[in-house]
Enquirer: 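Structure in structure tokens, see below.
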Amino acid sequence: MTLNLCVLTPNRIVWDSEVKEIILSTNSGQIGILPNHAPIATAVDIGILRICLNDQWITMALMGGFARIGNNEITILVNDAEKGSDIDPQEAQQTLEIAEANLSKAEGKRQTIEANLALRRARTRVEAITMI
Amino acid sequence: MACSNLTMWVSSKPSLSDASGLSFRSFLNPFQLPSHNTPTATCNPSRSVTPIHCGLRELRERIDSVKNTQKITEAMKLVAAARVRRAQEAVVNGRPFSETLVEVLYNINEQLQTEDIDAPLTKVRTVKKVALVVVTGDRGLCGSFNNQLIKKAEARIAELKGLGVEYTIISVGKKGNTYFLRRPYIPVDKFLDGSNLPTAKEAQTIADDVFSLFVSEEVDKVELLYTKFVSLVKSDPVIHTLLPLSPKGEVCDVNGNCVDAAEDELFRLTTKEGKLTVERDTVRTPTPDFSPILQFEQDPVQILDALLPLYLNSQILRALQESLASELAARMSAMSSATDNANELKKNLSLVYNRQRQAKITGEILEIVAGANAQI
């Protein structure tokens, strides 16, 4: 059986092809998905998606969303997805530092919420590069 | 000096031929001369524009400048037409996402109907403060596009003031920004810039802002004001309630009427008999049933929590895209009428120019003849 992965963002289709296996970071931890997985629906955290293709692992930074698995079809809906190889390491590192600085400066409930989100996004992007 | 008087006198002569006594008097009094141009205009009743008084050189300059302006407006029209197409493509690219999203949301909702859900984005609170997201364009020269939306925003603000509800503005787009910056008495939470092509990132920035405002309970309702794209010649400024989201995945207007269902409209720019037209087809997304054995990895509430921000984002993105399409369409029609006007102005000006040139030549010939006669 083959497993089909489809990663959708509001802008475009990021990935639509056959894969061997994926590891997905959900809200309740990472799960690995192999062919013939039981149908599930899960929330996807801001985190890393690892895709196994021809015995090679590809990483992708996902910015939170939702995944549906069933019938050997994986549909992942996310706000934004970037392949690890497409991210500029220097830029990502800088964004992370800025985000960290912003969080320490944040005052009040609203700013903390914003800063926390930005920090998690930035951290994921850096992780996506270092994973390779 | 005398020479110029003579040419003017000659040019106005045909209209005065029936009253030759008058022409003689006017020749003696050169200060009255400009008034003779009025009869020239009245002899051409088809032209409603005020008569053009200026010399040949000025006329030539004016014709050139009108020509240049016409070229610019023509080019802007074509650019806008091409970009409407691009905006259209962006909508098409986003469709797989929004379709799947609506489908999933619909299904999950069905399954959650029985449960008591409590997601922060759907919580309806008593409205004490409202945030208005005003989406305007970045550039002018697009008719009344920006004005219409700003007027709508002003009307809404007045309405809210009347109800005794506080408000704050999130302004998207340069035109709106300059408008609100000039009016410091309107509280603005954030100024955001629009862009040439709205992307998920921009929608995300707006969504983040709106999200934190709503979750931290600073505001109790978020309304989105944007221009809905109806057709190339028609677009309506509308108000959508963005938050609290109705858990059914619908967008409701201020009065609670549903304005957006699972129906997805797609506009298409086509060429029909050499003219640009817009086709809109309504696509009803088929909602295939979820397999009943579908398990929820997390609590359904958590899944809904993950889905609703996505939905919020795609709503904002869609509004940005529609607003851009409306702006471009407005610019297209504004520029095309500007081109038409420039063409007409050019025609009128060259008519006047040719007349004056002819009059001048006639005058010169008369002078030569008169001179030759005098020498004999």
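Naming: A, B, ... by sequence-line order, numbering from 1 per chain. Computed from a prediction, not measured in an experiment: that's the story for all the values here.
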Enquirer: Which one wins on heavy-atom pair count under 4.5 Å against chain B: A/Ala118, A/Gly64, A/Pro10, A/Ser28?
Expert: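 Of A/Ala118, A/Gly64, A/Pro10, A/Ser28, A/Pro10 has the most heavy-atom pairs under 4.5 Å with chain B.
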Enquirer: Quick check on B/Glu217 against chain A: is it the side chain, the backbone, both or neither that has a heavy atom closer than 4.5 Å?
Expert: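 Neither part, no heavy atoms under 4.5 Å.
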Enquirer: Heavy-atom distance under 4.5 Å to chain B: side chain of A/Asp80, backbone, both or neither?
Expert: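 A/Asp80 touches chain B through side-chain heavy atoms alone.
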Enquirer: Non-hydrogen atoms of chain B under 4.5 Å away: do they reach the side chain of A/Leu77, the backbone, both or neither?
Expert: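 Interface part for A/Leu77: both.
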Enquirer: Report which part of A/Ile69 has an atom under 4.5 Å of a heavy atom belonging to chain B: side chain, backbone, both, or neither.
Expert: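 Only the backbone of A/Ile69 comes within 4.5 Å of chain B.
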Enquirer: Could you tell me the separation between the CD atom of A/Glu114 and the OG1 atom of B/Thr205, rounded to the nearest 0.5 Å?
Expert: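 A/Glu114 CD to B/Thr205 OG1: 10.5 Å, rounded to 0.5 Å.
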Enquirer: Please determine whether the number of non-hydrogen atoms from other residues, nucleotides or ligands lying under 6.0 Å from atom CD of A/Glu107 exceeds 12.
Expert: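 It does not: A/Glu107 CD has 12 such atoms or fewer within range.
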Enquirer: Mind ranking A/Ile113, A/Asp45, A/Asn71, A/Val78 by heavy-atom pairs under 4.5 Å with chain B and telling me who comes out on top?
Expert: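 So the answer, after comparing A/Ile113, A/Asp45, A/Asn71, A/Val78, is A/Val78.
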Enquirer: So how far is it from A/Leu117 CG to B/Asp208 CG, rounded to the nearest 0.5 Å?
Expert: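 Reported to 0.5 Å precision, the distance equals 6.0 Å.
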Enquirer: Could you tell me which portion of A/Thr75 (side chain, backbone, both or neither) has an atom closer than 4.5 angstrom to a non-hydrogen atom of chain B?
Expert: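 Contact with chain B is through the side chain of A/Thr75 alone.
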Enquirer: Just so I understand: if I count every heavy-atom pair under 4.5 Å between each of B/Asp189, B/Leu101, B/Val215 and chain A, which residue has the most?
Expert: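 Highest number of pairs under 4.5 Å: B/Asp189.
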Enquirer: Out of B/Ser216, B/Ser314, B/Ala203, return the one with the most heavy atom pairs under 4.5 angstrom to chain A.
Expert: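 Most heavy-atom pairs under 4.5 Å with chain A: B/Ser216.
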